[in-house]
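A quick note: this is a predicted structure, and the numbers were derived from the prediction, not measured. Convention: sequence-line order gives letters A, B, ...; per-chain numbering from 1.
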Amino acid sequence: MARNETPLVMPGNSSCAGCGAVLIARLVTEAIGPNQIMVIPACCMGAVATSFPKATFNVPVLRTAFASTASFLTGLEASAKAKGQEVTLVGFAGDGATVDIGLAALSGAIERGHSFVYICYDNEGYMNTGFQRSGSTPRGAQTSTTPGGALGRYKAEPRKDIAKIVAAHGIPYLATASPAYPADLTRKVERAVAVKGPTFLHIMSPCPLGWGFPSANSVELARTAVESGLWKLYELDHGVLRLSLSPKKRKPVKEFFAPQSRFAHLSDDVYEELQRAVDEEWTTIEKEGFSLRCETSRA
Amino acid sequence: MKEVRIHGRGGQGGLTAARIVANAMLKDGKNAQAFPEFGPERRGAPVRSYLRIDDRPILLRTPVTAPDAVVVMDATLLERRDTVLGIKPGGLLVVNARECPKVAVSVAVRIAWVDAMGISASLFGRQIPNTAMLGAWCRVDGIVGQAAMETAIREWFPAKHAEKNVEAARRAWDSVQVADLAASATAEAAKGETAFAYLDDYPIVATAYPGEGGAGRTGSWRVTDPVVDSERCVRCGRCVTACPEGVVVLTEDGVTIDLMYCKGCGICALECPVKAIRSGEVGA
């Protein structure tokens, strides 16, 4: 077959059709190249990484418990140093394993200043086990633990801003990215590999099953999130904060929310409120410049 | 005790079919259990559900390995040898297929087939074959009578979906066909194999080695095929970058897609800036 003969992410893996996370995994692994060791905790990509006896990634992968991605990276760094090995250490974790369960280990590893690239692909919930809410699920979303309607309430709390939490550590390099902007994503991964010390990438990862939209729309939805001003692409490189893209003419935020069944209950009043919040945020950015402080809690 | 194993793909409703029958049996004063076997299963991935029916309380909590009947929601699953594995002599195999499917079994069984995909497509406009398969299976198995089956379907679904599902089951009840299937010599040779026989080739350590097709030939998950118009293609490579599976390749002749593993998500068609890829009917 006329496909890349030695792909770093093997086709025929168990990811869903239209999976945003496996697309991100492919872009990230290809940007880093074969000289890397991946650490993947319990998460969707953890399940995709092996269908015993076959492995999906064509680079060494350590599968860890939910909480210990950054702990493994710490140990691997010590091991690589002891062996005099030059290798990129990559943590590849979902939002549950990053913003909730693995946060303590991540915080510790960044504070100690170990050298690694930590990728958080954010599908905004525990998608691998049936779409439960996570600390990264946006407000108003329907999940299996916030079912809404007669069964309970929709998610009432705004999401944690993990990038801001990580930035507060004084991390050398931090960036947000989107699979709809592969060149930007690749450049940021390459920069993260080049920087000495801990680096962190927060990448939006559309989930057709969990968010409830057709598998063909994964990349388009990620693009709409950026074009509507909801998902900001930026990087923080040794204290210098830069927006990677400011959408000139922003799309209405409704175009991002409306195609997803998890937001099917949102009324036009809510859309107007969401639109106003995003508009205010960007007015502030245009007036005062982009800072991590001026971000207001959203959706 | 009667044991049934249902093979389907995530989203086809195999578990629902098992539960509907279990409910009907419970109302009839029998004991029943219906449960899925799940791991990190995904939409389109093969899944199994089990059904047990007995006059006495059922204490077993294990998967069904020697089924009296096997229900196959998706004929492409017959390519997997574990689908008909362990079926009892004289057992029943019910398949979602337009014509009598070609399948090798190690013992003589009865085979039934019904065009559940066609019925489902005409009634729901989507591929949800479960209630049609339920109708065919109940008819040839005699497990539940038609009236009891329809009552059970009505009780399961909300009112707005109930009648269409009853109609799907009724059409299948009327159109299902049955034949005898003799044991085949090749399947006879494989008798005694277990679903995990392949593991004998590997040392028992928790290490997996890189290989394509970890989840099988995922091309069989497709519900639409990507169709490339090479004349229109401008070789920009957008589809190559956007393909989650990494099966789209740009060559001098245009774009080629490895259909053995393409899951048919449709991202390439949507992302193509010149509409040179479209989602067409599978196998067309």
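- For A:Ala183, no part lies near chain B; criterion is any non-hydrogen pair under 4.5 Å.
- Heavy atoms closer than 4.5 Å to chain B are found nowhere in A:Arg63, neither backbone nor side chain.
- Proximity of a side-chain donor or acceptor of A:Lys54 to a complementary backbone N or O of B:Glu212 within less than 3.5 Å is detected.
- With chain B as the partner, the residue from A:Asn217, A:Leu27, A:Thr50 showing the most heavy-atom pairs under 4.5 Å is A:Asn217.
- Options B:Gly216, B:Cys265, B:Ser279, B:Gly219 differ in how many heavy-atom pairs under 4.5 Å they form with chain A, and the most are formed by B:Cys265.
- Minimum heavy-atom separation, A:Arg26 to B:Val240: NH2-O, 2.9 Å.
- Residue with the most contacts toward chain A among B:Pro244, B:Gly266, B:Cys243: B:Pro244 (heavy-atom pairs, distance under 4.5 Å).
- Applying the salt bridge (charged side-chain N to carboxylate O under 4.0 Å, His left out) test to A:Glu220 and every residue at least two apart in sequence or in another chain returns nothing.
- The salt bridge (charged side-chain N to carboxylate O under 4.0 Å, His left out) test applied to A:Asp184 returns A:Arg187, A:Lys188, not counting sequence neighbours.
- With a 6.0 Å radius and a threshold of 12 heavy atoms from other residues, nucleotides or ligands, B:Lys164 has its NZ atom at or below the threshold.
- In the displayed structure, B:Arg235 atom CZ is contacted under 6.0 Å by more than 12 heavy atoms of other residues, nucleotides or ligands.
- Under the 4.5 Å side-chain criterion, counting only non-hydrogen atoms from C-beta, B:Glu245 is in contact with A:Asn13.
- Scanning all heavy atoms of the two residues, the minimum distance from B:Ala215 to A:Ser51 falls at N-OG, 4.2 Å.
- For B:Thr218 against A:Gly12, the heavy-atom pair with the smallest separation is OG1-CA, 3.3 Å.
- Looking at A:Ser15 and B:Lys263, their side chains come closer than 4.5 Å, going by heavy atoms from C-beta outward.
- Looking only at side-chain heavy atoms (C-beta outward), B:Arg238 and A:Pro182 come within less than 4.5 Å of each other.
- A:Met10 approaches B:Pro210 most closely through the heavy-atom pair CE-CB, 4.0 Å.
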